[in-house]
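Okay, structure first, notes after.
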Amino acid sequence: MTTARLIDETRARHFIEHYQSLLEQVALDTGLVHAPVAKQGLVHLLQAARDALADKPALIPPALAALQAQGRAVPQDIVDAVATLRVGRWVYLRDTTGYSVLFDGEYEDVAYAVKCLTTPLKEMLGDSGAVITCGLLAYEGRVISDGLVGFVAWLGPGLRRDFNAALGKVRAGGHFHSDRVVPLPASLPAD
């Protein structure tokens, strides 16, 4: 496993612990928890809560307040990262030694150098060249995947070739980001 495509393990554990707490609280606040989590599936629950949070950022303050009242305050670095959350479809093109290349599903001319938390995307999916769903966030000066990854489709060789060719243009245009997530304009709904 190539750890260069991952963020620091201690920081990853910190992120996961607090991000998961926040998502679990959102799930409680929005009524997503209808059965014990073991039966419903934790990953499915976290994905649903993450999607709700991305669709309605107004869910963040009450969830943070509830966690604070429980003595489980969410650190500011996680609050800041969650404020940048974008959930959507991404074209996972390929890996470099230090990051995974993801094209934005909404903006054809935007791509990201993405770090993962504990498992590289290629290890999760088995290969690159796929359309996936996940959340991207800006965390500690890097764009990271939230690790709640869904598979949509594989890219054929022609599409892979087209995206590889487009990557040079995206970089030359200054639209290849490693430190920030471009927010959706108000006219485009989140996935």
Side-chain angles (χ1 to χ4, degrees), residues 1-28 37 41-54 57 59-104 110-126 128 130 132-151 175-184 190:
M1 175 172 71
T2 303
T3 57
R5 290 190 301 266
L6 304 177
I7 67 170
D8 173 75
E9 183 178 352
T10 302
R11 300 310 300 156
R13 299 267 177 235
H14 169 79
F15 178 86
I16 291 166
E17 174 188 346
H18 295 291
Y19 185 62
Q20 183 171 334
S21 292
L22 179 60
L23 294 180
E24 289 171 349
Q25 188 62 49
V26 168
L28 288 169
V37 173
L42 181 60
V43 172
H44 175 71
L45 177 70
L46 294 175
Q47 285 174 325
R50 181 225 30 220
D51 295 350
L53 191 92
L59 295 171
I60 297 171
L64 292 173
L67 289 167
Q68 174 94 23
Q70 298 166 30
R72 301 179 346 173
V74 176
Q76 191 62 45
D77 62 332
I78 306 302
V79 174
D80 293 344
V82 170
T84 68
L85 173 66
R86 269 220 21 234
V87 176
R89 288 188 177 163
W90 312 94
V91 174
Y92 166 42
L93 184 60
R94 61 183 159 89
D95 290 325
T96 70
T97 56
Y99 53 83
S100 297
V101 176
L102 273 69
F103 268 85
D104 197 309
V110 175
Y112 298 95
V114 177
K115 295 275 195 174
C116 294
L117 296 168
T118 60
T119 307
L121 287 173
K122 193 168 190 174
E123 190 174 316
M124 276 189 237
L125 297 168
S128 58
I132 62 172
T133 59
C134 68
L136 294 186
L137 308 95
Y139 178 61
E140 296 187 339
R142 300 292 312 173
V143 175
I144 64 165
S145 163
D146 69 358
L148 300 170
V149 178
F151 173 77
H175 302 290
F176 185 69
H177 306 290
S178 62
D179 61 346
R180 68 184 184 96
V181 179
V182 177
L184 282 174

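A quick note: this is a predicted structure, and the numbers were derived from the prediction, not measured.
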Which atom of [X] lies closest to which atom of [Y], heavy atoms considered:
| X | Y | result |
| --- | --- | --- |
| A12 | T118 | CB-CG2, 4.3 Å |
| L85 | A54 | CD2-CB, 4.1 Å |
| Y112 | V182 | OH-N, 2.9 Å |
| L125 | Y92 | CD1-CD2, 3.6 Å |
| A113 | R142 | O-NH2, 4.0 Å |
| F15 | A81 | CE1-CB, 4.2 Å |

Euclidean distance, [Y] [atom2] relative to [X] [atom1], rounded to 0.5 Å:
| X | Y | atom1 | atom2 | answer |
| --- | --- | --- | --- | --- |
| T84 | L136 | OG1 | CG | 9.0 Å |
| H14 | L117 | NE2 | CG | 11.5 Å |
| C116 | D146 | SG | CG | 10.0 Å |
| L148 | I132 | CG | CD1 | 11.5 Å |
| L59 | Q25 | CG | CD | 11.0 Å |
| S128 | K122 | OG | NZ | 4.5 Å |

*Do V87 and T133 pass the side chain to side chain contact (heavy atoms under 4.5 Å, CB included) test, and can you show the C-alpha distance, the side-chain angles, and the key distance before you say yes or no?*
CA-CA 7 Å; V87 176; T133 59; 5.8 Å; no
*For R72, does the CZ atom have more than 12 heavy-atom neighbours from other residues, nucleotides or ligands under 6.0 Å away?*
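Atom CZ in R72 is crowded, with more than 12 foreign heavy atoms closer than 6.0 Å.
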*asked:* Test of understanding: with side chain to side chain donor-acceptor pair (under 3.5 Å), list the residues that count as partners of R11, not counting sequence neighbours.
replied: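 Side chain to side chain donor-acceptor pair (under 3.5 Å) list for R11, sorted by chain: D77, Y139, E140.
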*Check whether the side chains of D95 and S100 place a donor and an acceptor atom closer than 3.5 Å, and report yes or no.*
yes
*Distance-only donor-acceptor check, side chains D51 and Q47, under 3.5 Å*: no
Do [X] and [Y] have side chains that get closer than 4.5 Å, going by heavy atoms?
| X | Y | value |
| --- | --- | --- |
| V91 | L102 | no |
| V149 | F151 | no |
| L46 | Y19 | no |
| W90 | C134 | yes |

*For V143 and D179, what are the C-alpha separation, side-chain angles and deciding distance, and is it a side chain to side chain contact (heavy atoms under 4.5 Å, CB included)?*
CA-CA 5 Å; V143 175; D179 61 346; 5.7 Å; no
*Please check if the side chain of K115 supplies one atom and the backbone of G98 the other of a donor-acceptor pair under 3.5 Å.*
yes
*asked:* Using side chain to side chain contact (heavy atoms under 4.5 Å, CB included), reason through H177 and V110 one step at a time and then give a plain yes or no.
replied: CA-CA 8 Å; H177 306 290; V110 175; 3.9 Å; yes
*If you measure from the Lys or Arg side-chain nitrogens to the Asp or Glu carboxylate oxygens, is any gap between D104 and R86 under 4.0 Å?*
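Result for this pair is yes, salt bridge flagged.
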*Working for side chain to side chain contact (heavy atoms under 4.5 Å, CB included), residues L42 and E24*: CA-CA 9 Å; L42 181 60; E24 289 171 349; 3.9 Å; yes
